[in-house]
Amino acid sequence: EVRIVESGGGTVQAGGSLRLSCTASGFTVDNYGIAWFRQAPGKEREGISCITATDGSTYYANSMKGRFTISSDNAKNTVYLQMNSLKPEDTATYYCVADRIALCSGSHFYPEYEYDYWGQGTQVTVSS
């Protein structure tokens, strides 16, 4: 059974940092495209970053470049999202998603509907 569990969310002051974890079971992260999406209240879900561990390809949305870093630890079957210099507008529920076909190309995101597997989400709240 494929399962994705996110953790590491919480409340932090503006300028602070959090590291989100995405732990997979039922598949190995280095064979799948893994991405992070987020959704703030009243807003559409947006892509943040993606990674294909096999070749190290990564991609970031423009507003996250320089602040967020995606990485993988294949031994732990976990993908991380290090978030620094957090802003109140980063407040959202963050979702880890995976798909065997939607590999991260390094140049764009796949639409959310391309990803077959979703975690339950973890809440990030940034206070001003």
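These numbers come from a predicted model, not from an experiment. Heavy atoms only: backbone and side chains are in, while hydrogens, waters and symmetry mates are out. Position 1 is the first residue of the sequence; numbering continues from there.
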Expected output: side-chain Gln39 to main-chain Ala92 donor-acceptor under 3.5 Å: no
Spacing of Tyr117 atom OH and Cys96 atom SG [to the nearest 0.5 Å]: 13.5 Å
Atom pair OG/CG of Ser63 and Asp90 - distance to nearest 0.5 Å: 7.5 Å
Side chain to side chain contact (heavy atoms under 4.5 Å, CB included), paired with Ser49, selected from Ile70, Thr69, Ile34: Ile70
N/O donor-acceptor pair under 3.5 Å between Glu6 side chain and Gly121 backbone: yes
Result of checking Leu103, Ile101, Val97 against Asp99 for side chain to side chain contact (heavy atoms under 4.5 Å, CB included): Ile101
Heavy-atom side-chain contact between Val126 and Glu89 under 4.5 Å: no
Distance-only polar pair, side chains of Asn31 and Thr28, donor-acceptor under 3.5 Å: yes
Pairwise distance OG(Ser128) to NZ(Lys87) - rounded to 0.5 angstrom: 14.0 Å
Check: Asn77 side chain, Thr23 main-chain N or O, donor-acceptor pair, under 3.5 Å: no
Check: Ser105/Ser107 side-chain N/O donor and acceptor closer than 3.5 Å: yes
Donor on one side chain, acceptor on other, Thr54 and Asp30, under 3.5 Å: no
Fellow cluster residues of Tyr113, listed by chain then number, with links counted only when side-chain atoms sit under 4.5 Å apart: none
Side-chain H-bond candidate by donor/acceptor type, Thr91 with Thr125, under 3.5 Å: no
Ring geometry between Phe109 and Tyr59 (parallel below 30°, tilted from 30 to 60°, perpendicular above 60°): perpendicular
Cationic tip of Arg45 above Phe37 ring, under 6.0 Å, 45° of axis: no
Interatomic distance, Tyr95 atom OH to Cys22 atom SG [nearest 0.5 angstrom]: 13.5 Å
